[in-house]
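What's counted below: heavy atoms across the whole structure, side chains too, no hydrogens, waters or symmetry copies.
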Number of protein chains: 2
Amino acid sequence: MSTAPAPAGDLTARARIIASALDRFAVHGYDAATMRDIAAHAGVSTALVTHHFGTKQALREECDARVVRFIAEKQDASTSPAEVLNQVLGVFGPYLARMLGAGGGSGGEASAVLFDRLLAVARAMIADGAASGWLRPSLDPEAQAAALVLVSVAPFLMLDRLTAWAGGDAEEALRRISVPLAELYTHGLTTDDRLLAAAGLTAEVSR
Amino acid sequence: MSTAPAPAGDLTARARIIASALDRFAVHGYDAATMRDIAAHAGVSTALVTHHFGTKQALREECDARVVRFIAEKQDASTSPAEVLNQVLGVFGPYLARMLGAGGGSGGEASAVLFDRLLAVARAMIADGAASGWLRPSLDPEAQAAALVLVSVAPFLMLDRLTAWAGGDAEEALRRISVPLAELYTHGLTTDDRLLAAAGLTAEVSR
DNA sequence: GCGGGGGCTGTACTCATGTACAGGATTCTG
DNA sequence: CAGAATCCTGTACATGAGTACAGCCCCCGC
């Protein structure tokens, strides 16, 4: 097992551990994912994981940092905010859902950075869209950004149920759920203002 | 089973355990919630919980059944599907999010009934709305029902992050996020068809 | 050549959790 | 009032988790 002497051809053990952790965290969640499984999936021993990262929480933060860097790189390129959001969800969607969703593990402080970054992307996307005119501005743009993140991540948050619903294929589930979501984004759902009224927005709207 | 002789003033221990389990599962999730914490919150010993329900999974199923019964009761009353969805989310929103969300615990089979019931309510709501004309029909009504459940549960799925985002108050977070969601339901978000095009629906739409 | 250092491993320890078991308290019945 | 069934508890056990420690093997510079 000459995994070590391959510096260029294969990934280094440290990189393999991070990749494995990103995968196991995405599949099982932070709490349910075990150091032993992460190590096994990376083809190393459990002790090496703690040797490189010290603790499970530190490994998680390394994974988070990897995602944050991915977002920053896409932003530095002249990618549009909408495309950044699409790409980060396409690559890290399940991971983000596990970390941002209920029970992301380790109390409430962890992964707050991830949510902030996504929020920043959504804010930029909304500002961009409002300037270009292809996006309807909201009475509360900050909440609109949060809602945009919410609805974008939501399919991954319930991916297991949607997969079962779609007959066992996760890709098919995402594709199928994207249809009514696209319709929602384009036309809305209701034909009157009763929901706005229920939210107490009739006064502002009618003016 | 003579549950009747219980003193009318207080709940029986069994009922207190179920209520405590519903609360702890909602707060910590299935895996993170411990039998000891559930028992302590109910004011009983851990052994009594296993005595009444046998296993943790059985206790969970009892909680699920409680929610299912709540939905059935609301449906039997002449409540509109939309109101049923509102009420069940208002009462069991956090619990449903924990159980339906990623990492609901115990593999993938559990709580499938809950999702089915919500889906049925959403289907009825869509059929009702389409008949009344206050709701835009989708090209894929079944997926539309799933999306409706998804977006309705989503705020509870990320309630922790939204609470932090809103400054620590969960109620305020839900209230604030409901504004752009109501706008989304009413007007949509975009002003053109690019999202429908991206979903490959332009042909169907243009026809 | 060789000594040292870092990547890497096997083993062990501590702790929390779900669950099983045997006994004590309480309440209903005859 | 007595007995018994039911409710309820304290204790203990097996398991799997994260983490710490001591040592091996390979590469690198003097």
Checking side chain to side chain contact (heavy atoms under 4.5 Å, CB included) against B:Ile17, which of B:Thr12, B:Leu11, B:Val44 comes through?
-> B:Val44

Roughly how many Å is it from CG in A:Leu48 to P in D:dC24, rounded to a whole number?
-> 18 Å

Looking at OG of B:Ser45 and NE2 of B:His51, how far apart are the two atoms once the value is rounded to the nearest 0.5 Å?
-> 10.0 Å

Hey, does the side chain of B:His52 come within less than 4.0 Å of D:dC8's phosphate (OP1/OP2), counting only N and O?
-> yes

Could you tell me whether B:Asp160 and B:Arg98 make a salt bridge, using a distance below 4.0 angstrom between a side-chain N and a carboxylate O?
-> yes

Choosing from D:dT19, C:dG7, D:dT9, which nucleotide comes nearest the side chain of B:Val44?
-> D:dT9

Counting side-chain heavy atoms from C-beta on, which of D:dC7, C:dC8, C:dT17 comes nearest to B:Thr34?
-> C:dT17

Roughly how many Å is it from CZ in A:Arg16 to C1' in C:dG7, rounded to a whole number?
-> 12 Å

Using a heavy-atom cut-off of under 4.0 Å over every strand shown, decide if B:Ala39 touches base, sugar-phosphate, or nothing.
-> nothing

Between A:Ala47 and A:Met35, which is nearer to the 5' end of DNA chain D once each is assigned its nearest nucleotide?
-> A:Met35

Between A:Tyr95 and A:Phe25, what is the ring plane arrangement, given parallel below 30°, perpendicular above 60°, and tilted in between?
-> tilted

Which sits closer to the 5' end of DNA chain C, B:Thr50 or A:Ser45, going by the nucleotide each is nearest to?
-> A:Ser45

Could you state the atom-to-atom distance from CZ of B:Arg36 to P of C:dT17 in whole Å?
-> 7 Å

Mind checking side-chain contact (heavy atoms from CB on, under 4.5 Å) for A:Arg123 and listing every partner two or more places apart, or none if nothing turns up?
-> A:Leu119, A:Ala120, A:Glu142, A:Ala145

Taking CZ from B:Arg60 and P from C:dT17, how many angstroms apart are they, rounded to a whole number?
-> 18 Å

Take atom CD1 of A:Ile17 and atom C1' of C:dT9, then tell me their distance rounded to the nearest Å.
-> 12 Å

Give the nucleotide from the list C:dT19, C:dG10, D:dG18 with an atom nearest to the side chain of B:Lys56.
-> C:dT19

Indicate whether OP1 or OP2 belonging to D:dT19 is found under 4.0 Å from a side-chain N or O atom of A:Thr55.
-> yes

Atom NE2 of B:His51 and atom C1' of C:dA22 are separated, to the nearest Å, by 14 Å

Would you classify A:Ala32 as touching base, sugar-phosphate or nothing, given that sugar-phosphate means primed atoms plus P, OP1 and OP2, and contacts are heavy atoms under 4.0 Å?
-> nothing

Rounded distance (Å) that lies between atom P of C:dG18 and atom CZ of B:Phe53 = 15 Å

Separation of atom CD in B:Gln57 from atom C1' in C:dG18, rounded to whole Å = 13 Å

